[in-house]
Amino acid sequence: MSDTIEIGKGYIAWAKDETTRGKGASGGFVTALMVAALEKKFVDNVLVVKKKGVYEGIPTMTNDVEKVLNAAGSLHSAPVNLAKYVKKSGKVAMPAKPCDARGVIEQAKRNQVDIENVFLIGLNCGGSMSPVPTIRMVKELYELDPASVVSEEILRGQLIFNTNDGEKAIKIDEVEDKGYGRRVSCRYCITNIPEMADLACGNWGVPKDKFGNATFVQVLTEKGVEIFKNAVDAGYIEFESASEKSSKMREKIDSTMRNLAEEWHKKVFSEVDSLTSSDRLAYYIDVFKNCIDCGSCRKICPVCACGDDSKCLQMEYEDDSYKLSMFHMVRLLHLMDSCIGCGQCEEVCPVDIPLTMIHRRFAERMQSRLGHIPGMNMDTPPFYEVELRS
Amino acid sequence: MEFEPEIVAFCCNWCSYGGADTAGVGRMQQPPTTRVIRVMCSGRIDPAFVLMSFLEGADAVLVTGCHINDCHYIDANYKTKNRFEFLEEMVDELGLEPERLRLEWISASEGEKFANAIKEVTENARKLGPSPLRREGVL
Ligand SMILES: Cc1cc2nc3c(=O)[nH]c(=O)nc-3n(C[C@H](O)[C@H](O)[C@H](O)COP(=O)(O)OP(=O)(O)OC[C@H]3O[C@@H](n4cnc5c(N)ncnc54)[C@H](O)[C@@H]3O)c2cc1C
Ligand code: FES
């Protein structure tokens, strides 16, 4: 049956092993695929998100099957980006939300990663949450002791927290109306299905009778076919072709999510959109005044690969009296063609500068002018190829 | 005192600096508002230099170089052109008036073109007033 896996097709797949299936977010397909890749020496290492309770996850590169099994399941409040944890060290398989996959691709363009050696097992993503606000939400909105929560999941538009005494579910819309919920940058992100990865896995489109016990897998590249086949041949995974109905359902949810994201985009950007240009400058001067020069946004950025000799640091003088810092000017400039909107800068900013929103304001206009969307493939922006007429 | 703008003009060694020279030698009238920064090629002008000029207090910045296909380093002014697009978007999004930034290709013989560019940029900057990015207080 393994030879029926084809690029472009959708499958409903799950881990054969019952424990893995139970531990996984939806059928343990991703975990079983990575375990098979390790055990059959198809890859040297895998990158997973090690769980530290419900509210924290630590990206870990490992070849220990036990660790991979323990990492099964989706951590919605571990807003990590995995791109910078991949190094040029043999073959690697990794789960990848769209922003993880796009980050890896941008790192590969900057020669930090050998893309041929990285198997991107894409995860659909409707968004992730920040740990601290999530803990506050559990206390205030769910009226639960955050420490008593044993697991969390998103099912049918509801955000559910499980404790030993049972579960408590609230609709995500309601959660977000009350000011809690997903990270702001996730709300207006329109890339839910990682079409730039080798496989795209998620629970959207899984038929009712299998819901929670299987994943919809879209095969996107030859590499995706290979790693999928490896796991099937090794006997770790079972699958069937996805029905037309399943694919349609998945597409429909995706388009609903995109529309919602566009609404959020309007909401989030409206405040600055409504300013006159001179007020906008005053706004930028004002928000960047809060910067304490910690440099976290630069370090965490999954696109930047400059290291400690970066121009943004070298052109910044702490005792200048500029109205805007050169550090941010250079970063805004450099990310205009390559910002993927992952939200990491905003996430780590200790003084809560809405950095991702600001970077997107600059990047969206440049990327539409260039007709270039970063992180989608190995294409460099068009201006890299200098034309010479004779 | 009437406001007199400060203009930074980046000129490449081989063409536009020659153009500035020609304007001087030909005694073409131009306002004394300009600080010329001479670089070997317009391709050396990092957009960050332009942003830094604004932060240092320039009321307008003029980027100049050889005409397309005349660059002495073959294709470097194509890169200038591409980089300038980033600057245009940057300046516009920041909320600075677009007239404060200008790109001109000027050959060594085009003294008049250089003088006119300086005149126009100065005139525009006079109308706009001091740049909102100018530093405040005693410098
Ligand atoms: C934050 C998040 C949001 C998601 N939203 C959607 C959605 O809206 N719609 C949809 O169809 N599918 C979504 N998914 C994907 C879905 O939850 C499952 O991951 C997917 O169906 C695969 O299931 P599985 O049982 O095969 O995975 P598993 O076998 O459970 O393996 C999941 C792998 O993901 C890794 N992982 C866990 N948390 C993260 C994280 N925060 N970032 C990166 N990797 C992580 C784990 O280390 C593990 O290796 C989301 C996943 C995440 C992590
Ligand atoms: S030498 Fe004049 S632009 Fe390159």
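Numbered from 1 within each chain, the chains take letters A, B, ... in sequence-line order. Computed from a predicted model, the values in this text were never measured in an experiment.
- Heavy-atom distances place both the backbone and the side chain of Glu85(B) under 4.5 Å from chain A.
- Residues of residues 101-125 of chain B lying under 4.5 angstrom from chain A, judged on non-hydrogen atoms, do not exist here.
- Only the backbone of Arg134(B) has a heavy atom closer than 4.5 Å to any heavy atom of chain A.
- Put simply, of Arg369(A), Met315(A), Met336(A), Met329(A), the one with the most heavy-atom pairs under 4.5 Å next to chain B is Arg369(A).
- For a residue to count as touching a neighbouring chain, one of its non-hydrogen atoms must lie under 4.5 Å from one of that chain's; by this rule Ile285(A) touches chain B with the side chain only.
- Heavy-atom pairs under 4.5 Å with chain B were tallied for Arg280(A), Lys311(A), His334(A); the largest tally goes to Arg280(A).
- Of all the listed residues (Leu281(A), Val330(A), Asp320(A)), the one sharing the greatest number of non-hydrogen pairs under 4.5 Å with chain B is Leu281(A).
- Checking Asn192(A) against Arg258(A) by side-chain atom types alone, no donor-acceptor pair falls below 3.5 Å.
- Side-chain contact between Asn111(A) and Lys88(A) is present, with at least one heavy-atom pair separated by less than 4.5 Å.
- For the residue pair Thr80(B)/Ser42(B), the side-chain donor-acceptor check at 3.5 Å is satisfied.
- With contacts defined as side-chain heavy-atom distances shorter than 4.5 Å, the pair His328(A)/Glu316(A) does not qualify.
- With a 4.5 angstrom heavy-atom cutoff, Asp92(B) touches chain A via backbone and side-chain atoms both.
- Proximity to chain B (any heavy atom under 4.5 Å) is restricted, for Leu370(A), to the side chain, taken from C-beta onward.
- With no hydrogens or angles considered, no side-chain donor-acceptor pair links Arg182(A) and Ser128(A) at under 3.5 Å.
- Between Phe362(A) and Leu335(A), the closest side-chain pair of non-hydrogen atoms is not below 4.5 Å.
- Side-chain contact between Met40(B) and Cys12(B): absent, with no pair of heavy atoms (C-beta onward) separated by less than 4.5 Å.
- Results of the salt bridge (Lys or Arg N to Asp or Glu O under 4.0 Å) test with Asp273(A) over Arg361(A), Lys266(A), Lys267(A) single out Arg361(A) as the only residue that passes.
- In this structure, the ring of Tyr78(B) has its center no less than 6.0 angstrom from the ring center of Tyr73(B).
- In this structure, the ring of Phe269(A) has its center less than 6.0 angstrom from the ring center of Tyr188(A).
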